[in-house]
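Everything on this sheet refers to the single structure shown next.
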Amino acid sequence: MVWNPKAETASRDELAAQQLEQLKRQVARVYERVPFYRQAFDQAGVKPQDVRSLDDLKHLPFTRKSDFRDNYPFGLLAVDMEEVVRVHASSGTTGKPTVVAYTHQDIDLWAEVMARTLACGEVTKKDVVHNAYGYGLFTGGLGVHYGAERIGATVIPMSGGQTQRQIMLMQDFGSTALCCTPSYAIYMAEAAQEMGIDLRDSKLRVGFFGAEPWTEGMRAEIEERLGITALDIYGLSEVIGPGVSSECMCKCGMHIFEDHFLPEIINPETGQPLPYGEYGELVFTTLTKEALPVIRYRTGDITKLMPEPCACGRTMVRMAKISGRTDDMLIVRGVNVFPSQIESVLLQVEGVQPHYLIIVDRERGAMDTIEIWVEVSEGIFSDELGALANLQREAEHQIQEMLGISARVKLVEPNRIERSMGKAKRVIDRREVYGPQSA
Ligand code: DLL
């Protein structure tokens, strides 16, 4: 079901005309109201009037995460604080969080794009939506909540934690849709199994998973263990939260709600725009947001845009699964590797579970080493040692073959790796202790 057919199935020409009008308005607005943008535009030698076509976007300066930090907490707002009805924040790994703000109209827009997202998975008012994204400053919980309410579905506002209770309520309430991070979905399936419950027998039929990278291998695991269709949903606080893009039932990339969020792909090194189909860094300009508009915000996420028509009828461009972040690429002895590549390879090995931890280290003065801890199923672990040794060799061989790096694989017993209720931590880079990598 398409939630807003007029917007989501508009012709590309209609869409482009509307985007240009809104872009011009937004650019003029930020120049007038936000000192940061006025200064950045002046420095780049561009004026709002220079935006005459969508192509002119490329002349505007980028906005980065560090600009949020430098203008912490409310320096990038384009409205008076009294117009702000909500604040969210995303926790950085260090220092101050990234703070974002919404007007009434922004909250309304957010509910609209989240209703579109859930409708991508055929959610209607008949559905019961179990929402295990964290409520609070994180955008996941309330983002999904408002979208589900907009549709008229029944929302169960669980947030993360108390996993056994979640499973009990999911069954008792007859939940049909599950919303949480993909790593938490796997955790729930395991916890259910320990309770002697097979969630495949429950009423769950669809899940909306995002907020962290996950691979097709992980999708297959989730679909198999929960007996559902698992859809990928994407978003980030700086742009709105979840609701930036969503997969439809075709599972062939996430439709970007382009009438509100204008995407570009750029070469992360040169900043030059790249054509459709090429992988690079995803950049967004918000066309309609009031409180905190962003111009050419560099997400750090790596993907490509796919303009080909989709069987679902939506005309909005699709983005491929996020393959990594510009800042999570590991360089191990000169070879570039993303954690998602390691996940893909591991999940192809029979007997390996979707729980892993990548530890990169460097002995003083020596070469980088990479060790991957990965859990194996109970049966294999309690089996004779020969089976374990074979599995370990097989995993190490596959990683060498597919990624060109030699890694030490350590097979660990079930439940050894810490479970996450939110975004999973997959990498520990101990080299940071010794300072930046030398050439
Ligand atoms: O994670 C918003 C969200 C909540 C999205 C719930 C989907 C579901 P932030 O905390 O600001 O916002 O983190 C944004 O998370 O730049 C990506 O690196 C990553 N991310 C989000 N969705 C996906 C996804 C929320 N589907 C950052 N695949 C983004 C891969 C994702 N990475």
Side-chain angles (χ1 to χ4, degrees), residues 63-65 68-69 87-93 96-102 110 113-114 116-118 120-121 129 131-148 158-160 177-185 207-219 222 230-247 251 253-257 261 263 268 281-284 286 292 294 297-304 318-329 338-341 343-344 420-427:
T63 310
R64 294 178 171 77
K65 190 149 197 118
F68 276 76
R69 215 174 302 133
V87 168
H88 280 281
S90 76
S91 49
T93 37
K96 303 273 194 194
T98 303
V99 178
V100 296
Y102 305 75
W110 196 10
V113 287
M114 278 311 298
R116 291 186 195 177
T117 296
L118 297 170
C120 274
V129 178
N131 185 13
Y133 281 115
Y135 281 66
L137 286 174
F138 177 54
T139 53
L142 285 168
V144 166
H145 187 104
Y146 275 59
M158 285 304 308
S159 204
L178 172 63
C179 303
C180 62
T181 57
S183 49
Y184 193 48
F208 299 87
F209 306 113
E212 65 183 6
W214 55 306
T215 58
E216 288 299 335
M218 187 69 100
R219 189 204 305 266
I222 293 175
L231 300 179
D232 196 358
I233 67 169
Y234 170 88
L236 63 164
S237 319
E238 295 87 329
V239 171
I240 197 151
V244 174
S245 66
S246 171
E247 272 184 336
K251 296 193 269 191
M254 294 171 270
H255 291 281
I256 298 176
F257 302 122
F261 316 116
E281 182 178 351
L282 181 61
V283 171
F284 278 111
T286 58
L292 186 74
V294 289
Y297 182 71
R298 293 184 63 155
T299 64
D301 293 317
I302 296 169
T303 183
K304 64 174 178 180
R318 287 164 293 141
M319 55 186 260
K321 256 187 171 321
I322 301 291
S323 60
R325 287 187 49 80
T326 49
D327 53 11
D328 82 353
M329 188 176 74
F338 287 105
S340 61
Q341 291 177 297
E343 179 179 306
S344 302
S420 145
M421 315 271 173
K423 299 182 192 240
K425 182 164 173 54
R426 307 281 198 198
V427 180

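All heavy atoms count here, side chains included; hydrogens, waters and symmetry mates do not. Small disclaimer: the values here were computed from a predicted structure and weren't measured. Start at 1 and go down the list; that is how both ligands and their atoms are numbered.
- A donor-acceptor pair shorter than 3.5 Å cannot be found between the side chains of S344 and E216.
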Atom pairs and distances, donor-acceptor, side-chain atoms in residues 139-148, under 3.5 Å, two or more places apart:
from, atom 1, to, atom 2, distance (Å)
H145, ND1, Y135, OH, 2.8
H145, NE2, E149, OE2, 2.9
Y146, OH, R86, NH2, 3.3

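- Side-chain atoms of T299 come within 3.5 Å of backbone atoms of L282 as a donor-acceptor pair (strictly under, hydrogens ignored).
- Given atom 16 (O) of ligand 1, the protein heavy atom at minimum distance is D301 OD2, 2.7 Å.
- Judged purely by atom type and a 3.5 angstrom limit, W110 uses its side chain to pair as donor or acceptor with the backbone of P242.
- Near D232, the atoms of ligand 1 lying under 4.0 angstrom from a non-hydrogen atom of the residue are 24 (C), 26 (N).
- Here is the list of ligand 1 atoms found below 4.0 Å of a heavy atom in Y133: 6 (C), 8 (C).
- Checked by atom type and distance alone, the side chain of K321 never pairs as donor or acceptor with a backbone atom of T215 at under 3.5 Å.
- Of all protein heavy atoms, the one lying nearest to atom 25 (C) of ligand 1 is G235 O, 3.6 Å.
- Residue E212 touches ligand 1 through its backbone alone, judged by heavy-atom distances below 4.0 Å.
- In summary, the atoms of ligand 1 found under 4.0 Å from a heavy atom of S90, numbered by their order in the structure, are 10 (O), 11 (O).
- No side-chain heavy atom of R318 sits under 4.5 Å from any side-chain heavy atom of M254.
- At a heavy-atom distance under 4.0 Å, no atom of F208 approaches ligand 1.
- Here is the list of ligand 1 atoms found below 4.0 Å of a heavy atom in K423: 1 (O), 9 (P), 10 (O), 13 (O), 14 (C), 15 (O), 25 (C).
- Looking at residues two or more places apart in sequence or on another chain, you find a salt bridge (charged side-chain N to carboxylate O under 4.0 Å, His left out) between E281 and R298.
- Distance from atom 11 (O) of ligand 1 to its nearest protein heavy atom, with residue and atom name: S237 OG, 2.6 Å.
- Of all the atoms in ligand 1, the ones that sit under 4.0 Å from a non-hydrogen atom of G140 are 4 (C), 6 (C).
- With hydrogens left out, the protein atom closest to atom 7 (C) of ligand 1 is A211 N, 3.3 Å, a heavy atom.
- Side-chain atoms of E238 do not come within 3.5 Å of backbone N or O of Y297 as any donor-acceptor pair.
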